[in-house]
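A short worksheet on the structure shown next.
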Amino acid sequence: VGRSLGDPRRFAIDFLLTAFFVVTAVAIWKGKRDMAPLGIAALAAIAAQELLGGPWFVIIGAVAGSLAGLLREPRRAD
């Protein structure tokens with residue numbers, strides 16, 4: 001199906017991944033504490049896209065953001 005569409009920019013489908021990231025980020029946002037993992041995921045994805053190309057930026061961004069989330073200080077139960 002992808003090949004039959006041709007250039008994804010013609011239908012603005014190339015924006016779909018960015019829109020998906022933004023919607024997901026808004027859905028999981030619970031406060032300032034979530035800014036670092038989201039920012040790290042975005043920066044890692046952008047760097048991977050520039051350096052590697054191809055679809056690797058999706059995986060690298062997801063792994064980087066997940067690791068940043070795991071390594072942050074746990075929430076305190078107040």
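In this chain, residues are counted from 1 in sequence order.
A distance of 10.0 Å separates CD1 in Ile46 from CZ in Phe57, rounded to the nearest 0.5 Å.
Taking every heavy atom of both residues into account, Gly65 and Ala41 meet most closely at CA-CB, 3.7 Å.
For the pair Gln49 and Ile60, the minimum side-chain heavy-atom distance is 4.5 Å or more.
For Ala68, the side-chain contact (heavy atoms from CB on, under 4.5 Å) test picks out Pro37, Ile40, with sequence neighbours left out. Under the side-chain contact (heavy atoms from CB on, under 4.5 Å) criterion, Val63 pairs with Ile59, Leu67, sequence neighbours left out.
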